[in-house]
Amino acid sequence: MVDLSCKYLGLELKNPVIVGSSGLTSSIENLRTIADKGAGAVVLKSIFEEQILYEAEKFLKSDNAEMRSWQDAFEGIVSKTEFYYEEAFGYLTSYAKEHTLNKYLELITEAKKTIDIPIIASINCSTQYDWQYFAKRIQEAGADALELNVYLLPSDFEKSGSDNEKVYFEIIREVKKYVTIPVSLKIGYYFSSLAQTALRLSETGIAGLTLFNRPYNPDIDIENLQTSASNIFSKDSEYSNTLRWVALLSGKLNCDIAASTGIHNHETVIKQLLAGADAVQMVSVFYKDHLHHFDVLPQILSDIETWMTNHNFKIISDFKGLLSRKNVHNPASYERVQFLRIFSSVE
Ligand SMILES: Cc1cc2nc3c(=O)[nH]c(=O)nc-3n(C[C@H](O)[C@H](O)[C@H](O)COP(=O)(O)O)c2cc1C
């Protein structure tokens, strides 16, 4: 018998396979199925920083007595919201009507009563302005941890790399004023010095880094001359970038690492663990068969067990990080040599 149990963000997981944040993790029915099918933990669908600010403003402008009673809680949290685009504001208000913050908190509380795997709440944010108090409500609702998806494209011509990076540190500092549950940070890879920034972030007291957020992929519809979105779901070949960075960073950071993007089967779960990930997050694979989203989970877990048995590994730590680059003195020059060797031999 092999044992898949592991620790992630200081939480006990029965295995390292986490169902990542998506529309599939926003209902109690799905959370029940996710737990029944054997996931190690689940990250809830994110709420947006803008949504928190929108509701706070709505409360403050209201005359309703019940709403006014909330106002103390929201004191000082107003008006910094800048909705640059009419379209974005319209989307947000209709989204906020459907997905209220209270519903989110109720989902956490209900899930805690119903399922026995750790529940990681999620906030999608890009600024350090005045939404962090909501992290406390998430903690009070019973979440075991909080993942902050910092979605920040460094596209502002006025801002330097360090200006952009500062935002991450300020967000963590503010959130940590409100919560004691473990906080993890889900980041993209657009950093001028990813290794050093990841190291410095890991020294802020966060419990984990999720590598990587998969950004929205822009496209252009050439018939209608419009911009559009493409490739909402990842492909099973998309895991290499994460694999590279997990291997480079594992063993060097002061926090856990969850690998995310392009992990669709037991082989890629094992690869990420061999590279040194403490856990993996999977999303797109569950959208493949729209009728039975989570049926692949038990098979993935049983295939990991079979692989471990075949390789005489009894527990995850027997092989976690075996192929990390932590002992390679200069990984960049190692990569360069591999690049030269492989690409110069292709004619
Ligand atoms: C339909 C959909 C909704 C998503 N919603 C969220 C979200 O609310 N918060 C978040 O942090 N990530 C969200 N993601 C991103 C996933 O959590 C994940 O980072 C990304 O899909 C890459 O993992 P994958 O290759 O396993 O799909 C979403 C992804 C999809 C496909």
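For ligands, and for the atoms within them, numbers begin at 1 and follow the listed sequence.
At a threshold of 4.0 Å, the pair Lys7-Asp278 does not count as salt-bridged, since none of the basic side-chain nitrogens sits closer than that to a carboxylate oxygen. Under the 4.0 Å criterion applied to side-chain N and carboxylate O atoms, Glu174 and Lys177 are assigned as salt-bridge partners. A salt bridge is absent between Lys271 and Glu267: the closest approach of a Lys/Arg side-chain nitrogen to an acidic carboxylate oxygen does not fall below 4.0 angstrom.
Using bins of under 30°, 30° to 60° and over 60° for the plane-to-plane angle, the ring pair Phe212/Trp245 lands in the perpendicular bin.
Contacts between Lys186 and ligand 1, counted as non-hydrogen atom pairs separated by less than 4.0 Å, involve the side chain only. With a heavy-atom cut-off of 4.0 Å, Ser260 touches ligand 1 through its side chain alone. Contacts with ligand 1 closer than 4.0 Å are made by heavy atoms of both the backbone and the side chain of Val283.
Among all non-hydrogen protein atoms, the one lying nearest atom 27 (O) of ligand 1 is Ser284 OG, 2.5 Å. Protein heavy atom in closest approach to atom 1 (C) of ligand 1: Tyr287 OH, 3.4 Å. Nearest protein neighbour of atom 14 (N) of ligand 1, counting heavy atoms only, is Ser21 O, 3.2 Å. What sits closest to atom 4 (C) of ligand 1 on the protein, heavy atoms only, is Ser22 CA, 3.5 Å. At the top of the distance list for atom 25 (O) of ligand 1, counting protein heavy atoms only, stands Ser234 OG, 2.5 Å. Atom 22 (C) of ligand 1 has its closest protein heavy atom at Thr261 OG1, 3.5 Å.
Between Ser46 and ligand 1, at least one N/O pair is under 3.5 Å apart. For a threshold of 3.5 Å applied to N or O pairs, the pair formed by Gly262 and ligand 1 contains at least one separation below that value. The shortest N/O to N/O separation between Glu147 and ligand 1 does not fall below 3.5 Å. Between Gln281 and ligand 1, a contact under 3.5 Å exists for no N or O pair.
Applying the 4.0 Å criterion to heavy atoms of Arg214 picks out, from ligand 1, the atoms 20 (C), 22 (C). For ligand 1, the atoms lying closer than 4.0 Å to a non-hydrogen atom of Met282 are 26 (O). Residue Asn149 approaches ligand 1 through these ligand atoms, each under 4.0 Å from one of its heavy atoms: 9 (N), 10 (C), 11 (O), 12 (N). Atom numbering of ligand 1 starts at 1 in the shown order; those under 4.0 Å from a heavy atom of Ile232 are 31 (C). Annotation for ligand 1: atoms under 4.0 Å from non-hydrogen atoms of Phe233 are 31 (C).
With hydrogens and angles disregarded, a donor-acceptor distance shorter than 3.5 Å links the side chain of Thr25 to the backbone of Lys45. Although no hydrogens or angles enter the test, the distance criterion places a donor-acceptor pair under 3.5 Å between the side chain of Arg214 and the main chain of Phe233. At least one donor-acceptor pair closer than 3.5 Å links the side chain of Ser250 to the backbone N or O of Ala275. A distance-only check finds no donor-acceptor pair linking the side chain of Asp36 to the backbone of Thr33 [under 3.5 Å].
Aromatic pair Trp307/Phe313: ring centres closer than 6.0 Å.
Under a 4.0 angstrom heavy-atom cut-off, Tyr239 registers as lying outside contact with ligand 1. Not a single heavy atom of Asn124 sits under 4.0 Å from any atom of ligand 1.
Considering only heavy atoms from C-beta on, Ile119 comes within 4.5 Å of Val42 through its side chain.
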Original post:
For Asp295 and Lys37, what are the C-alpha separation, side-chain angles and deciding distance, and is it a salt bridge (Lys or Arg N to Asp or Glu O under 4.0 Å)?
Top reply: CA-CA 7 Å; Asp295 277 358; Lys37 297 284 176 186; 2.8 Å; yes

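Looking at Thr127 and Glu49, their side chains do bring a donor and an acceptor atom within 3.5 Å of each other.
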